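Given the structure is predicted, the values throughout are model-derived calculations rather than measurements.
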Amino acid sequence: MSFIVAIDGPAGAGKGTITKMVGEKLGLVNIDTGATFRCVALNMLQENIHIDEEEKIKEILEKIDIQMEHDGTIHLNGEDVTKRIRENDVNNFVSPVSVLPIVRNKLLEVQRKIAEGKNVIMEGRDIGTVVFPNADVKIYLDATPEERAKRRVLQNKEKGIECSYEEVLQGIKDRDKRDSTREIAPLKRAKDAIYVDTTNLSIKQVVEKIIEIIENK
């Protein structure tokens, strides 16, 4: 048996940070599903593969190797890409890549296999609706686009990635629109998900709130 916590929400809502901290406090395995899509997007950029080149995408998916280490580092085909997958070119490319059926089917298989027999906490955009619709706990984290942009700029600066607030804000708005209107696995709140608005909450407050929700289950 396994215990699954699904955390969904738009880009910049704090899902990654919150999921990691809650996972550490409760001893849950943290699986960053968004990072798996970012790895595919980066691999396509590296190989100069376009969205409509289905055969070439199939080829890289057949041999792609994505590893998530306990220390939080992410390796793509043996290379540490933890920082690289958060850069702007990947940010702008990952949304159209993530709606491709062949990519989603491959990574859905990978994500479910990683979670087998474990107590896990997973974050993404369709964990509670598609990946694990029967998750024990479903939470939808949200915040205003402006607040999410501020957080992303600070996060990028800490990682040494230069970007402007205006550029990030526009990117978030564009991605929100793409993610919520796409035909395949659109970003949406599961009917039984608990909504948490983090706009005016500190990280500590959000973590405490999420832990309380999980422990009540």
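Of the possible donor and acceptor atoms, one in the side chain of Lys138 sits under 3.5 Å from a partner among the backbone N and O of Gly128. When atom types are taken as modelled, the side chain of Lys118 and the backbone of Val29 share no donor-acceptor pair closer than 3.5 angstrom. Judged purely by atom type and a 3.5 angstrom limit, Asp179 has no side-chain atom pairing as donor or acceptor with the backbone of Ser95. No side-chain donor-acceptor contact under 3.5 Å links Asp80 to the backbone of His75. Side chain of Asn156 to backbone of Glu158: no donor-acceptor contact under 3.5 angstrom is found. Between the Arg189 side chain and the Tyr140 main chain, no donor and acceptor come within less than 3.5 Å of each other. Side-chain atoms of Asn30 do not come within 3.5 Å of backbone N or O of Gly23 as any donor-acceptor pair.
Heavy-atom contacts from other residues, nucleotides or ligands closer than 6.0 Å to CG of Asp192 number more than 12. Environment of CD1 in Ile51: crowded, with over 12 heavy atoms of neighbouring residues, nucleotides or ligands closer than 6.0 Å.
With a 4.5 Å cut-off on side-chain heavy atoms, Leu187 and Asp126 do not count as touching. Annotation: side chain of Thr36 is not in contact with side chain of Val40 (no heavy-atom distance under 4.5 Å). Using a 4.5 Å heavy-atom cutoff, the side chains of Ile210 and Val196 are in contact. Using a 4.5 Å heavy-atom cutoff, the side chains of Ile4 and Asn119 are not in contact. Residues Lys20 and Glu123 are not in side-chain contact: their nearest non-hydrogen atoms beyond the backbone lie 4.5 Å or more apart. Counting heavy atoms from C-beta outward, Arg84 and Asp89 have side chains that approach closer than 4.5 Å. Looking only at side-chain heavy atoms (C-beta outward), Thr17 and Met21 come within less than 4.5 Å of each other. Between Arg125 and Val130 there is no side-chain heavy-atom pair separated by less than 4.5 Å.
Just one of Arg151, Gln205, Lys15, Glu147 meets the side chain to side chain donor-acceptor pair (under 3.5 Å) condition when paired with Thr198; it is Arg151. For the side chain to side chain contact (heavy atoms under 4.5 Å, CB included) with Leu42, the qualifying choice from Met44, Arg38, Gln46 is Gln46, the only one to do so.
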Please walk me through it: do Phe3 and Val120 pass side-chain contact (heavy atoms from CB on, under 4.5 Å)?
CA-CA 6 Å; Phe3 184 84; Val120 306; over 6 Å; no
Can you check side chain to side chain donor-acceptor pair (under 3.5 Å) on Asp32 and Thr19, steps first, answer last?
CA-CA 9 Å; Asp32 183 352; Thr19 299; over 6 Å; no
Verify side chain to side chain donor-acceptor pair (under 3.5 Å) between Ser2 and Glu116, making sure each step is shown before the conclusion.
CA-CA 7 Å; Ser2 59; Glu116 280 181 3; over 6 Å; no
Would Asp174 and Gln170 satisfy side chain to side chain donor-acceptor pair (under 3.5 Å), going step by step from the backbone distance to the final call?
CA-CA 6 Å; Asp174 291 343; Gln170 189 58 52; 2.9 Å; yes
I'd like to know whether Arg175 forms a side chain to side chain donor-acceptor pair (under 3.5 Å) with Ser180, so could you lay out the CA-CA distance, the side-chain angles of the two residues, the decisive distance to 0.1 Å, and finally the verdict.
CA-CA 8 Å; Arg175 185 163 184 184; Ser180 61; over 6 Å; no
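Note that CD1 of Ile139 is 5.0 Å distant from CD1 of Ile7, once rounded to the nearest 0.5 Å. Rounded to the nearest 0.5 angstrom, Cys163 SG and Lys157 NZ are separated by 8.0 Å. For the atom pair NZ of Lys150 and CZ of Arg152, the computed distance is 15.5 Å after rounding to the nearest 0.5 Å. Distance check, rounded to the nearest 0.5 Å: OH of Tyr195 to CG of Asp142 gives 3.5 Å. Atom SG of Cys39 is separated from atom CD1 of Ile85 by 4.5 Å, given to the nearest 0.5 angstrom.
Closest non-hydrogen pair, Ala143 versus Thr199, comes out as CA-OG1, 3.2 Å. Counting all heavy atoms, side chain and backbone alike, Asp8 lies closest to Ile127 at OD1-N, 2.8 Å. Here the shortest heavy-atom pairing between Pro10 and Arg148 reads CB-NH1, 3.3 Å. Nearest heavy atom pair, residue Ile213 against residue Ile194, reads CG2-CD1, 3.4 Å.
Contacts classified as salt bridge (Lys or Arg N to Asp or Glu O under 4.0 Å) and involving residues 206-217 (residues at least two apart or in different chains) are not found. Counting only residues at least two apart or in different chains, salt bridge (Lys or Arg N to Asp or Glu O under 4.0 Å) contacts with residues 48-66 comprise Glu53-Lys56, Glu54-Lys58, Glu55-Lys58.
In this structure, Phe37 is not a member of the same hydrophobic cluster as Val99, with clusters built from ILVMFWY side-chain heavy atoms closer than 4.5 Å. Under the 4.5 Å side-chain heavy-atom criterion for Ile, Leu, Val, Met, Phe, Trp and Tyr, Ile172 and Val97 are members of distinct hydrophobic clusters. Residues Ile49 and Leu61 fall within the same hydrophobic cluster, defined by Ile, Leu, Val, Met, Phe, Trp and Tyr side chains chained together at heavy-atom separations under 4.5 Å.
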